[in-house]
Amino acid sequence: MAEETQKSAAEAPAAAAAEVVAVSDVPEAEKPTAAIAEKEATPEPVKEPAATEEEKITESASFKEETNVVGELPDPQKKALDELKQLVQEALNKHEFTAPPPPQPAKEEEKPLEAAPAAAEEATPAAATVTEEESKPEVPPAEEPKTEEPAKPEPEAAPVAEPSEPVVVAEVIEKVEVVDEDGAKTVEAIEETIVAVAAPAEPTPSEEAPPAEPKEEPEAAPSEPPPPPEEVSIWGIPLLADERSDVVLLKFLRARDFKVKEALAMLKSVVAWRKEFGIEALLEEDLGSEQEKVVFMNGVDKEGHPVCYNAYGEFQNKELYANTFADEEKRTKFLRWRIQFLEKSIRKLDFSPDGICTIVQVNDLKNSPGPFKTELRQATNKAFQLLQDNYPEFVAKQVFINVPWWYLAFYRMINPFFTQRTKSKFVFAGPSKSAETLFKYIAPELVPVQYGGLSREGEQEFTTADPSTEEIIKPATKHTVEFPISEACQLVWEARVVGWDVTYGAEFVPTAEDGYTVIVQKSRKIGPAEEPVISNNFKIGEPGKVVLTFDNQSSKKKKLLYRSSTKPSDCA
């Protein structure tokens with residue numbers, strides 16, 4: 001859905017749009033290159049044989065879709081699935097899918113740092129006074145040691161502060177005039193030590209002991225039972241509820257080469273995006289039906305995968321183009337419609353282990369606007385990114401038809417950036433080979449008539465359940481088809497030559513020798529632009545055969561499709 005994708009210059013197609021790249025945006029294709037470069041630059045350390053097993057898983061991608069039955073998975077893949085299920089269960093228990101990110105803790109360390117400058121500022125004036133006083137001449141007192149010695153130990157023992165507490169010590173020298181008995185004046189300097197503490201002293205441990213007991217109250221609080229695991233669903237399937245969730249988890253594992261932690265991260269990201277985008281509410285919105293001819297589902301392929309058609313040529317309609325891409329609001333509406341269409345298609349898939357849970361994408365590039373439409377390119381790139389990131393492994397096959405030369409040239413340029421697994425899903429066909437290519441994967445009766453098949457709207461004699469026969473008309477030859485009739489009835493048939501440009505006629509030839517041949521359809525040349533499917537019927541009253549003749553005078557072989565049925569009740 002997921003990232004192994006490539007797309008033409010139009011919007012990204014359904015469930016597989018994740019695997020289709022906008023041809024106009026080369027940088028999108030460079031993302032796989034960055035990933036490859038990262039892998040080469042930082043190879044994973046080989047800690048144990050598990051690394052080798054993971055490597056084998058990556059290289060084991062084949063042209064055939066892998067099984068979703070757990071019992072049939074290789075052992076390394078089983079182990080990866082079990083590990084992912086365990087991690088998902090832990091995440092559900094911790095409510096990691098829906099819980100908001102935890103708040104950042106406050107940095108309490110900054111508070112003491114702020115108090116320190118304040119204490120320093122308070123001490124500054126005292127320091128200045130000391131400097132001024134020290135500049136005056138001093139007379140050292142003779143009796144200074146005797147008077148100050150006993151006092152000095154007291155200030156040293158008094159300040160008891162934590163190592164982190166800022167302490168400021170200042171010395172102040174006082175000058176005192178002393179008058180002797182003889183009247184002579186002397187100056188005596190008395191030195192004092194003043195201790196300034198920025199914060200009050202902490203109480204002694206003995207004082208703290210009694211109130212410390214209430215702090216144990218929070219330990220007794222956890223009597224509440226833990227909350228139940230959260231319930232998370234994706235595409236209508238609850239995670240870890242049943243075996244269908246194994247199929248969902250395998251999609252994420254395959255999208256991340258069975259790297260368990262990366263698959264879990266992608267799963268969490270997808271769940272968060274779906275909630276933010278409002279997927280459940282989007283399913284109920286009425287976004288109009290203007291795009292029904294651009295993207296539509298029609299039938300299944302030969303393996304049972306639903307087929308989604310993307311007809312980019314519809315955007316040649318200027319009115320439709322303007323209504324879809326003229327401004328940001330219209331482009332956003334188109335994007336929401338595309339996601340809604342994809343979600344509704346996915347809800348119809350069968351996620352049981354042996355069910356069909358992928359889609360075949362058919363991308364018709366006929367008359368595509370190309371990579372030069374800015375508005376289309378913007379919408380395509382945005383859709384591509386969303387589908388690539390949030391819809392992993394929903395494409396079984398990517399078939400590009402009516403491919404112009406410039407698209408093939410672009411693909412050759414970006415081809416080295418894709419993995420073998422991604423490239424194995426791509427099929428390209430030019431205009432002359434488109435119908436023939438589709439018939440390899442889809443039965444002709446299920447291919448829309450505009451792409452060379454027999455499926456068309458309206459009431460028809462035949463349904464998609466009626467099989468058709470395919471034959472080749474060789475160049476410059478006449479080819480006949482016979483419907484033998486043994487009893488009276490009404491014969492109904494329809495036929496189509498892909499590309500026509502042949503002469504067609506029909507007649508009834510009775511079995512009796514004396515019977516007369518009846519012209520049912522006079523021979524006429526049918527060109528490519530004329531009716532794509534010829535339907536006819538004929539009432540038969542005797543045994544015989546209806547013969548259809550196709551005269552191909554061109555130098556190219558032609559693909560012929562036809563089917564018939566009889567209706568006895570309608571006979572004359």
Side-chain angles (χ1 to χ4, degrees), residues 7-11 13-14 16-17 20 289-302 305-321 324 338 341 345 359-370 376 397-404 407 427-470 473 494-502 504 526-535 550 556 558-563:
K7 176 122 187 81
S8 94
E11 55 89 307
V20 183
S289 57
E290 295 89 349
Q291 314 298 334
E292 287 183 348
K293 291 185 177 180
V294 180
V295 182
F296 59 91
M297 304 294 292
N298 191 91
V300 297
D301 73 346
K302 293 179 179 179
H305 300 96
V307 182
C308 178
Y309 292 84
N310 304 273
Y312 305 134
E314 295 293 331
F315 287 125
Q316 290 288 357
N317 183 321
K318 293 182 179 180
E319 183 179 353
L320 176 62
Y321 187 91
T324 307
R338 192 66 187 81
F341 182 89
S345 301
I359 297 172
V360 168
Q361 288 283 337
V362 175
N363 308 289
D364 179 16
L365 303 184
K366 184 178 182 179
N367 298 324
S368 173
L376 176 60
K397 188 71 67 179
Q398 277 288 7
V399 183
F400 295 84
I401 60 174
N402 296 314
V403 178
Y407 191 93
V427 177
F428 298 91
S432 63
K433 298 289 185 181
S434 292
E436 183 179 345
T437 300
L438 286 178
F439 296 158
K440 290 180 181 179
Y441 305 102
I442 308 169
E445 56 271 15
L446 297 177
V447 174
V449 67
Q450 63 266 39
Y451 299 126
L454 300 173
S455 176
R456 56 197 189 279
E457 296 178 356
E459 293 185 6
Q460 310 294 334
E461 292 288 347
F462 298 91
T463 67
T464 54
D466 298 317
S468 63
T469 301
E470 298 179 51
I473 306 176
E494 66 179 18
R496 172 174 193 170
V497 175
V498 178
W500 281 111
D501 195 25
V502 300
Y504 161 75
I526 302 178
E530 297 185 49
E531 56 185 315
V533 179
I534 291 178
S535 298
F550 301 90
K556 297 179 180 179
K558 300 287 184 177
K559 174 77 73 173
L560 168 64
L561 309 172
Y562 65 89
R563 53 187 172 179

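Side chains are part of it too, since the values below use all heavy atoms of this structure and drop only hydrogens, waters and symmetry mates.
Side-chain contact between Y407 and S368: absent, with no pair of heavy atoms (C-beta onward) separated by less than 4.5 Å. Residues F439 and K302 form no side-chain contact, since every pair of their non-hydrogen atoms from C-beta on lies 4.5 Å or further apart. Side-chain contact check for V307 versus V399: every heavy-atom pair is 4.5 Å or farther apart. Contact check for S535 versus E461: no side-chain heavy atoms found under the 4.5 Å cut-off. For the pair I534 and I526, the minimum side-chain heavy-atom distance is below 4.5 Å.
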Carefully, step by step, assess D364 and Y309 under the rule side chain to side chain contact (heavy atoms under 4.5 Å, CB included). CA-CA 7 Å; D364 179 16; Y309 292 84; over 6 Å; no
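Side chain of W500 to main chain of P532: a donor-acceptor pair is present (N/O by atom type, distance under 3.5 Å, no hydrogens or angles). Within the 3.5 Å criterion, the main-chain N or O of F462 finds no donor-acceptor partner in the side chain of R563. Side-chain atoms of S434 come within 3.5 Å of backbone atoms of N402 as a donor-acceptor pair (strictly under, hydrogens ignored).
Screening N298, T463, V533 for a side chain to side chain contact (heavy atoms under 4.5 Å, CB included) with S455, the sole residue that qualifies is N298.
One distance of note links OH of Y441 with NZ of K397; it measures 5.0 Å at 0.5 Å rounding. To the nearest 0.5 Å, atoms OG (S468) and CZ (R496) are separated by 11.5 Å. If you take CD on Q316 and NZ on K366, they are separated by 11.5 Å, rounding to the nearest 0.5 Å. In this structure, L454 CG and L561 CG are separated by 5.0 Å, a value rounded to the nearest 0.5 Å. To the nearest 0.5 Å, the span separating OH on Y504 from CD on E530 amounts to 13.5 Å. Taking CD1 of I442 as the start and OG1 of T437 as the end, the distance is 10.5 Å to the nearest 0.5 Å.
Using a 3.5 Å distance cut-off with no hydrogens or angles, the side chains of T324 and E290 do not pair a donor with an acceptor.
Counting heavy-atom neighbours within 6.0 Å of K293 NZ, excluding the residue itself, gives a total of 12 or less.
Ring geometry, Y451 versus F296: the interplanar angle falls under 30°, so the pair is classed parallel (tilted spans 30 to 60°).
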